[in-house]
Asker: 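Pasting a structure here, questions to come.
Sequence lines set the chain letters: A, B, ... in the order given, protein chains first and strands last, and positions in each chain run from 1. On a predicted model such as this, the values are computed, not experimentally measured, just so you know.
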2 protein chains.
Amino acid sequence: MSDEAVILVIEDEVPMRRFLRALVAGHGLRVVEAASGEEGIALAASHAPDVILLDLGLPGVDGLEVTRRIREWSETPIIVISARGLEEDKVRALDLGADDYLTKPFGASELLARLRVALRHAGRRAAEGADPRFVLGDLEVDLAARVVRVRGEEVHLTPIEYRLLALLVRHAGRVLTHRHFLREIWGPGASGQDHYVRVHMSQLRRKIEEDPAQPRYVITETGVGYRLRTDA
Amino acid sequence: MSDEAVILVIEDEVPMRRFLRALVAGHGLRVVEAASGEEGIALAASHAPDVILLDLGLPGVDGLEVTRRIREWSETPIIVISARGLEEDKVRALDLGADDYLTKPFGASELLARLRVALRHAGRRAAEGADPRFVLGDLEVDLAARVVRVRGEEVHLTPIEYRLLALLVRHAGRVLTHRHFLREIWGPGASGQDHYVRVHMSQLRRKIEEDPAQPRYVITETGVGYRLRTDA
DNA sequence: GGGGGGTCTCAAGATCCTGTAAAGATCGCC
DNA sequence: GGCGATCTTTACAGGATCTTGAGACCCCCC
């Protein structure tokens, strides 16, 4: 999950940029780099990073200006890195919208810890409200909670039934082959056992379809596999 | 709006506490003071402050423990103040849930600026329900007070039982896997020991369920984990 | 009308998972 | 050092789930 997090590094000096990239990338995070303020602002807009690491001492558009410009439209956490440790510099940056301020030299593990704090904030903002749900007619699938409802009623599914449905939901509208189900759920050793899929799909339909003989949700594509309707 | 903001100061040394109160109160913020960790936790629950200023070097329940305990039910920003500037101290506090870490001595205006950052974060989250109590049928869990009641009667839980229940409450309605419980409670070294979870979950049910064989609250999802009902 | 591929359903047995008790190990406290 | 509380570990019965095979069905083509 947080393996997918994207960090934007805005830093003009090459050695420092390398250091930051190595540090951040070495911890399961993706890195996007900008060598100037303008580029940084553009990448913040195009890549929607989860956190921004920003060096104040940029040539051209300086770090404070970058902060101000990004804050006009985005609330992505910004961690400022600076060689200047004067209090008034910190106050200015923080009041302009930065979320943290680190003075060089700093320790690698402190930076990472503060990065985790910022990611926590970013993640919380993203996770506010209810879970993302897939709704189709009377069927409701909450992949985050692992809960399935039909006409508002919770339906109990066994592990295999749930995984079948989750696969269908994640690829709603597309046809999934028997082979695909077998690979994803039973692993590579089960090829050819198409009846596994059929039996469990039948159980699944019995639980979520009103009339399993006339399925509304799970459509069988004869000779190929199954497909989940996207329209009611 | 921010004229109404409440800052909780948890600090045992009187001069420092006076200094912080004067500083914060002089900027249109209300101050609530605690002289110990226990008091701090209690006031955090009863006064619902917008930001918490926490000294790490408390006697008795120390600052790290205070952070951990508050984070069990609340996401109020915590700014840690400490005489210790070692990197590992910072990392530990931040990873336990603190949002910022200031090393003494620090400048007054920097503290205020970081306080404004924390208030910004708190304000963004102002729409939060704020009641850290979970009620479901005859079961009542007060994460702030660390108290569990069944039909009004207080129930004594062992540490592990309580943490199991607290996890369930914090993710009420979602299925939590065995792996998740093991990681959160026993740490990364305990993977594969699913029976830990089963044994303690059984003890927990014996204490909170009327009929453990027909659980009303803790639902088992065979092959996956457990889930706490959200509806009666 | 018959045959065949593909599909659905059912149910029995095998397999895996879960709840529970109970005994031993550990810990904190006096 | 002893005691009580808690945690770990083991064992087993009962329950839930999965596999497997067989029969029925459907649709299309011959």
Asker: Which nucleotide in the list dC18(D), dA21(C), dC7(D) gets nearest to the side chain of Thr158(B)?
Answerer: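 Nearest nucleotide to the side chain: dC7(D).
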Asker: Tyr196(A) OH to dG21(D) C1': how many Å, rounded?
Answerer: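 Checked: the OH to C1' distance equals 12 Å.
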Asker: Does Tyr226(A) reach a base, just sugar-phosphate, or nothing at all? Heavy atoms under 4.0 Å.
Answerer: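 Answer is sugar-phosphate: Tyr226(A) comes under 4.0 Å of backbone atoms only.
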Asker: Using the rule given for salt bridge (charged side-chain N to carboxylate O under 4.0 Å, His left out), can you reason through Arg216(A) versus Glu209(A), listing the C-alpha separation, both sets of side-chain angles and the distance that settles it, and then say yes or no?
Answerer: CA-CA 7 Å; Arg216(A) 283 176 61 195; Glu209(A) 298 276 4; 5.9 Å; no
Asker: Please report the interatomic distance CZ(Arg120(B)) to CG(Asp99(A)), rounded to the nearest 0.5 Å.
Answerer: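 Between atom CZ of Arg120(B) and atom CG of Asp99(A) there are 6.0 Å.
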Asker: Using a heavy-atom cut-off of under 4.0 Å over every strand shown, decide if Gln203(A) touches base, sugar-phosphate, or nothing.
Answerer: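 Touches nothing.
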Asker: Respond yes when some side-chain nitrogen or oxygen of Trp186(B) is under 4.0 Å from OP1 or OP2 of dC7(D), and no when none is.
Answerer: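 So the side chain of Trp186(B) is outside the cut-off, no N or O lying under 4.0 Å from OP1 or OP2 of dC7(D).
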Asker: Calculate the interatomic distance between His195(B) atom NE2 and dT18(C) atom C1'; express it in whole Å.
Answerer: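 Distance check: His195(B) NE2 to dT18(C) C1' gives 13 Å.
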Asker: Where each residue is assigned the nucleotide of DNA chain C containing its nearest heavy atom, which of Arg206(A) and Gly223(A) is assigned the position nearer the 5′ end?
Answerer: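 It is Gly223(A), whose closest nucleotide lies nearer the 5' terminus.
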Asker: Can you measure Glu221(B) atom CD to dT17(D) atom C1' for me and round it to whole angstrom units?
Answerer: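 After rounding, the reported distance stands at 13 Å.
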Asker: Among the candidates dC7(D), dT19(D), dT20(C), find the nucleotide nearest to the side-chain atoms of Ser202(B).
Answerer: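 For Ser202(B), the side-chain atoms sit closest to dT20(C).
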Asker: Between Met201(A) (CE) and dC8(C) (C1'), how many Å, whole number?
Answerer: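 The distance from CE of Met201(A) to C1' of dC8(C) comes to 12 Å, rounded to the nearest Å.
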Asker: Counting only side-chain heavy atoms from C-beta out, which of dT17(D), dG19(C), dA21(C) sits nearest to Pro159(A)?
Answerer: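 Within the option list, the nearest is dT17(D).
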Asker: Would you kindly compare Thr222(B) and His200(A) by the position of their nearest DNA chain D nucleotide and give the one closer to the 5′ end?
Answerer: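 Looking at the nearest nucleotide for each, Thr222(B) comes out on the 5' side.
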Asker: Taking side chain as C-beta onward, heavy atoms only, is Leu111(B) less than 4.5 Å from Leu23(B)?
Answerer: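 A side-chain contact exists here, since the closest heavy-atom pair is under 4.5 Å.
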Asker: Can you say whether the rings of Phe181(B) and Tyr226(B) are parallel (under 30°), tilted (30 to 60°) or perpendicular (over 60°)?
Answerer: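 Ring orientation of Phe181(B) relative to Tyr226(B): perpendicular.
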Asker: Can you check the Arg198(A) CZ to dC26(D) C1' distance for me, whole Å?
Answerer: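 Roughly 13 Å, once rounded to whole Å.
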Asker: For Ile185(A) and dT19(D), give me the distance from atom CD1 to atom P, rounded to whole Å.
Answerer: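 Spelled out: CD1 on Ile185(A) to P on dT19(D) is 10 Å.
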Asker: Closer to the 5' end of DNA chain D via nearest nucleotide, is it Gln193(A) or His156(B)?
Answerer: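 Mapping each residue to its closest nucleotide by heavy atoms, the 5'-most match is His156(B).
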Asker: Rounding to an integer number of Å, can you tell me how far Arg205(A) CZ sits from dC8(C) C1'?
Answerer: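 Arg205(A) atom CZ is separated from dC8(C) atom C1' by 8 Å.
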Asker: Check every atom of dT20(C), dC10(C), dT7(C) against the side chain of Pro212(B) and return the nucleotide holding the closest atom.
Answerer: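 Nearest to the side chain of Pro212(B) among the choices is dT20(C).
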Asker: Send over the distance from Lys207(A) NZ to dC10(C) P, rounded to a whole Å.
Answerer: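 Spelled out: NZ on Lys207(A) to P on dC10(C) is 14 Å.
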Asker: What verdict does the side-chain contact (heavy atoms from CB on, under 4.5 Å) test give for Ile41(B) and Arg146(B), after you've listed the backbone C-alpha separation in whole Å, the side-chain angles of each residue and the deciding distance to 0.1 Å?
Answerer: CA-CA 11 Å; Ile41(B) 294 171; Arg146(B) 216 188 159 94; over 6 Å; no
